[in-house]
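Since the structure comes first, as structure tokens, the remarks are kept for the end.
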Amino acid sequence: MAGKVSYWLLKTEPDCFSIADLKAQPKQTTYWDGVRNYQARNMLRDDIKEGDRVLFYHSNAKPPGVAGTAIVVKAGYPDFTAFDPHDQHYDPKSRADEPTWYMVDIKFESAFPELVSLDDMKAVKSLAEMEVLRRGSRLSVQPVRKSEFETVLKLAEQKQKK
DNA sequence: GCCAACGTTGGC
DNA sequence: GCCAACGTTGGC
């Protein structure tokens, strides 16, 4: 049964993990680990489903913006990196029998020929409500409206033509 | 590198 | 349970 597709924005620092890195993964798939924020955790655990679409956002980049898209291939499951004392994202409070943190698996879908920058998005009125455009927005997992997702794809196409 | 915004921590 | 201090995020 195919449920309703939802749309999300996932932030990553490209110096750490970029759209090119995702594309280079075995099966072009990775687990989205290291989210240590409860609001984001709730979405990873409860709301993000297989088949959902993802805007892949490069933060702390020059310039920041959406670099491509991905598809969720596995819904929320415990983030096992929290259990590993040697892992950068280790959290002793999260136990295997009662995990605090969750993650999903995503698969590469597309890399935009040209980044749809934050400035590009700010210039579009119909994107004004997007969480990522909010001043001080720090959530690394954000819900996106279908219309917003499609508008960003359209912007990517338009940039390609220019 | 600066700093505003925000989440978390910990003393009380 | 308040709130000041602190750490982190992320655009600029």
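Note that the structure is a prediction, hence the values are computed from the model and not measured. Lettering follows sequence order; numbering is per chain, from 1.
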Next item on the list: Starting at atom CG of N60(A), determine the distance to atom C1' of dA4(B), rounded to an integer number of angstrom.
Entry: 14 Å
Margin query: Salt bridge or not between R53(A) and E109(A)? Use side-chain N to carboxylate O under 4.0 Å.
Written below: yes
Check: Under 4.0 Å between a side-chain N or O of K11(A) and OP1 or OP2 of dG10(C)?
Finding: yes
Check: Between H58(A) (NE2) and dT9(C) (P), how many Å, whole number?
Finding: 17 Å
Checklist line | Integer-rounded Å distance: dG11(C) P and D15(A) CG | finding: 13 Å
Notebook entry, point to check: Within this structure, what is the NZ-to-C1' distance between K62(A) and dC2(B), rounded to whole angstrom?
Noted result: 13 Å
Notebook entry, point to check: dC6(B) phosphate, OP1 or OP2: any side-chain N/O from R134(A) under 4.0 angstrom?
Noted result: yes
Check: Rounding to a whole Å, what distance do you find between L118(A):CG and dT9(C):C1'?
Finding: 14 Å
Margin query: Counting only side-chain heavy atoms from C-beta out, which of dG7(B), dG11(C), dA4(B) sits nearest to P64(A)?
Written below: dG11(C)
Check: Using 4.0 Å as the upper bound for N to carboxylate O, is an ion pair formed by K154(A) and E157(A)?
Finding: no
Margin query: Closer than 4.0 angstrom, basic N to acidic O: yes or no for R36(A) and D91(A)?
Written below: no
Next item on the list: Would you mind classifying the nucleic acid contact of S140(A) as base, sugar-phosphate or nothing, using non-hydrogen atoms under 4.0 angstrom?
Entry: nothing
Checklist line | Aromatic contact, W101(A) with Y38(A) (centres under 6.0 Å) | finding: yes
Check: R135(A) CZ to dC12(C) P: how many Å, rounded?
Finding: 10 Å
Item checked: R138(A) vs dG7(B): side-chain N/O to OP1/OP2 distance below 4.0 Å -> no
Check: Nearest to the side chain of Y38(A) - dT8(C), dT8(B), dG11(C)?
Finding: dT8(B)
Note to self: Taking the minimum atom-to-atom distance to the side chain of K122(A), which one of dG7(B), dC12(C), dG10(C) wins?
What the structure shows: dC12(C)
Checklist line | Minimum heavy-atom distance between G51(A) and V5(A), given as atom pair plus value | finding: O-CG1, 3.8 Å
Checklist line | Whole-Å distance separating the CG atom of L115(A) from the C1' atom of dG11(C) | finding: 14 Å
Item checked: Rounded distance in Å - CD (E13(A)) to C1' (dT8(C)) -> 10 Å
